[in-house]
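Because only heavy atoms are used, hydrogens play no part in the values below, and waters and symmetry mates are left out as well, while side chains stay in.
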Amino acid sequence: MVDITQIMRFDDLASKNSPIHNLEGKIKLIFTIFTILVCVISKELFIPIILEIILLIILKIANLSYWDSAKRLLMLLPFGGAIIIFQPFIQPGNIIWSYSWLHITDFGLNWAILLLVRMIVSLTAIIIYSSTTPLQEMASSFRKLKMPRDLAMILSIMVRFLFLFVDELSAIRKSQKSRNFSIHGNTPYKWRVKQVGYTIGMMFLKSYEQGERVHKSMVSRGFSDASEMFDEKRSPEKSDYLFLLSIIIIVVILEIIIFKYSGHLGYFGQNLAIN
């Protein structure tokens with residue numbers, strides 16, 4: 001069952017006070033994008049692993065729970081893991097294990113490991129960003145980085161009414177539960193699927209009606225195609241730039257280490273990417 005308190009908990013978590021929470025939203029977004037880009041273009045394990053260690057340190061500085069972050073990471077992993085798990089079996093290379101028609105190649109296994117590490121680092125960066133930045137600040141940060149105005153406006157409105165949407169769904173589920181409906185009940189499966197379909201359709205109708213009411217309310221207050229979303233004028237401080245600069249310097253140092261000493265790093269310095 002969807003519980004609005006779970007959604008509100010994430011926004012409360014993002015509103016805490018810590019050196020990472022206090023960073024300007026645009027700086028945190030640039031840091032997240034930069035980390036993901038560096039991780040994605042890295043062909044060796046050394047840089048992503050060091051970045052993950054740095055992200056774990058940032059998690060500690062932000063007073064975020066390792067356990068809660070790990071649970072969120074495990075919830076997101078299957079989306080990309082479904083693709084990664086097949087890589088050792090479909091990529092060409094030297095066969096290191098076989099059973100009947102199944103074969104695992106060395107290139108495929110190395111590529112799968114690299115993809116998994118890339119994904120873990122990228123998801124960790126996203127979890128840190130989402131756990132230290134309120135939803136409305138996220139929308140504002142995207143707008144500061146020149147996201148198209150219409151997309152930024154849609155994102156801002158979505159953030160504002162996400163809690164209302166979840167609350168409506170929660171009310172519908174409570175109503176169904178009060179009538180002894182359960183998706184895991186003993187009633188015929190087709191009937192249960194039909195009721196879920198009715199619920200989804202009802203949510204679409206409620207969303208459409210709510211959207212019409214919101215649009216009319218905005219127009220009555222002077223909203224037009226030329227309107228701009230509210231942006232809290234908060235300029236990055238020296239500490240924000242220092243944080244971002246330190247991350248860039250660390251990445252540059254790591255690239256120099258890979259360039260000069262990759263042969264001394266063993267497996268972690270090997271090029272595992274498939275050209």
Q: Do Val252 and Ile30 share a hydrophobic cluster, counting only Ile, Leu, Val, Met, Phe, Trp and Tyr and linking them when any side-chain heavy atoms are less than 4.5 Å apart?
A: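 Yes, Val252 connects to Ile30 through the hydrophobic network.
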Q: For a 4.5 angstrom cut-off between non-hydrogen side-chain atoms, does Phe31 reach Ile58?
A: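 Result yes, sub-4.5 Å side-chain heavy-atom pair found.
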Q: Is the count of non-hydrogen atoms from other residues, nucleotides or ligands lying under 6.0 Å from Ile85 atom CD1 greater than 12?
A: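 No, because the 6.0 Å sphere around CD1 of Ile85 holds 12 heavy atoms or fewer from other groups.
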Q: Any donor and acceptor pair, going by atom type alone, linking the side chain of Asn110 with main-chain N or O of Phe107 inside 3.5 Å?
A: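 Not confirmed, Asn110 side chain does not pair with Phe107 backbone.
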Q: Is there a side-chain contact between Leu272 and Trp111 (heavy atoms, below 4.5 Å)?
A: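 Heavy-atom side-chain distance check fails, nothing below 4.5 Å.
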Q: Side chain of Ser246, backbone of Phe243: donor and acceptor closer than 3.5 Å?
A: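 Such a contact is found between Ser246 side chain and Phe243 backbone.
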Q: Between Met119 and Leu77, which heavy-atom pair has the shortest distance, and what is it?
A: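 Reported closest heavy-atom pair: CE-O, 3.3 Å.
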Q: For a 4.5 angstrom cut-off between non-hydrogen side-chain atoms, does Ile47 reach Ile257?
A: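 A side-chain contact under 4.5 Å is absent here.
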Q: If every non-hydrogen atom of Ser69 is compared with every non-hydrogen atom of Leu59, which pair is closest and at what distance?
A: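 Minimum heavy-atom separation between Ser69 and Leu59: OG-CD2, 3.6 Å.
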Q: Indicate yes or no for a side-chain donor-acceptor contact from Ser130 to the backbone of Ile127 under 3.5 Å, with no hydrogens or angles considered.
A: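 Such a contact is found between Ser130 side chain and Ile127 backbone.
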Q: For atom CZ of Phe86, decide whether the heavy atoms of other residues, nucleotides or ligands shown that lie under 6.0 angstrom number more than 12.
A: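 Not more than 12 within 6.0 Å, no.
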Q: Would you check if the side chain of Arg72 reaches a backbone N or O of Leu123 as a donor-acceptor pair within less than 3.5 Å?
A: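 Absent.
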Q: Does Tyr261 reach the main-chain N or O of Gly269 with its side chain, forming a donor-acceptor pair under 3.5 Å?
A: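 No; judged by distance alone, with no hydrogens or angles, the pair does not exist.
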Q: Identify the two heavy atoms, one from Ser239 and one from Leu23, that lie closest to each other, and give their separation to 0.1 Å.
A: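 Taking Ser239 first and Leu23 second, the nearest heavy atoms are O-CD2, 4.3 Å.
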Q: Quick check on the hydrophobic clustering: are Phe46 and Leu109 connected, directly or via other members, by side-chain heavy-atom contacts under 4.5 Å?
A: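 Yes, one cluster joins them.
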Q: Just to verify, which of Asp68, Ile126, Leu64 counts as forming a side chain to side chain contact (heavy atoms under 4.5 Å, CB included) with Ser131?
A: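 So the option named by the test is Leu64.
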Q: Decide if atom CD1 of Ile83 counts as having more than 12 heavy atoms of other residues, nucleotides or ligands within a radius under 6.0 Å.
A: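 Atom CD1 in Ile83 is not crowded, with 12 or fewer foreign heavy atoms closer than 6.0 Å.
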Q: Is Tyr99 linked to Ile104 within one hydrophobic cluster, defined over Ile, Leu, Val, Met, Phe, Trp and Tyr using a side-chain heavy-atom separation of less than 4.5 Å?
A: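 Linked, Tyr99 and Ile104 end up in one cluster.
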Q: Report the residues that fulfil side chain to side chain donor-acceptor pair (under 3.5 Å) with Ser18, sequence neighbours left out, ordered by chain and then residue number.
A: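 By the side chain to side chain donor-acceptor pair (under 3.5 Å) rule, Ser18 matches His21.
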Q: Between the main-chain N or O of Gly25 and the side-chain N or O of Thr133, is there a donor-acceptor pair closer than 3.5 Å?
A: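 Checked: no pair found.
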Q: Surrounding CZ of Phe34 (heavy atoms of other residues, nucleotides or ligands, distance under 6.0 Å), is the total greater than 12?
A: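 More than 12 heavy atoms, drawn from other residues, nucleotides or ligands, come within 6.0 Å of this atom.
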Q: Between Ile54 and Ile247, is there a side-chain heavy-atom distance shorter than 4.5 Å?
A: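 Sidechains of Ile54 and Ile247: in contact.
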Q: Does the side chain of Tyr267 reach to within under 4.5 Å of the side chain of Ile113, using non-hydrogen atoms?
A: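 They are in contact (side-chain heavy atoms under 4.5 Å apart), so the answer is yes.
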Q: Taking the side chain as every heavy atom from C-beta outward, state whether Val38 and Val121 have any pair of such atoms under 4.5 Å apart.
A: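 Counting from C-beta outward, Val38 and Val121 never come under 4.5 Å.
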Q: What are the two closest heavy atoms between Thr132 and Lys28, and how far apart are they?
A: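 Closest approach of Thr132 to Lys28: O-NZ, 2.6 Å.
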Q: Look at the side-chain heavy atoms of Ile, Leu, Val, Met, Phe, Trp and Tyr, link any pair under 4.5 Å apart, and say whether Leu265 and Ile256 land in one connected group.
A: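 Yes: a chain of side-chain contacts under 4.5 Å links Leu265 to Ile256.
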Q: Is it the case that more than 12 heavy atoms not belonging to Trp191 sit under 6.0 Å from its CH2 atom?
A: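 Result for CH2/Trp191: enclosed.
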Q: Are there over 12 heavy-atom neighbours, none belonging to Phe89, within less than 6.0 Å of that residue's CZ?
A: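 Above 12, so yes.
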Q: Looking at Glu24 and Lys26, would you say the former's side chain and the latter's main chain have a donor-acceptor pair under 3.5 Å?
A: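 Yes: the side chain of Glu24 pairs with the backbone of Lys26.
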Q: Which of these passes side chain to side chain contact (heavy atoms under 4.5 Å, CB included) with Arg118: Leu115, Ile120, Leu116?
A: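 Exactly one option meets the side chain to side chain contact (heavy atoms under 4.5 Å, CB included) with Arg118, and it is Leu115.
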Q: Verify the neighbour count for atom OH of Tyr208: are there more than 12 heavy atoms of other residues, nucleotides or ligands below 6.0 Å?
A: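 Counting neighbours around OH of Tyr208, 12 or fewer heavy atoms of other residues, nucleotides or ligands fall under 6.0 Å, so no.
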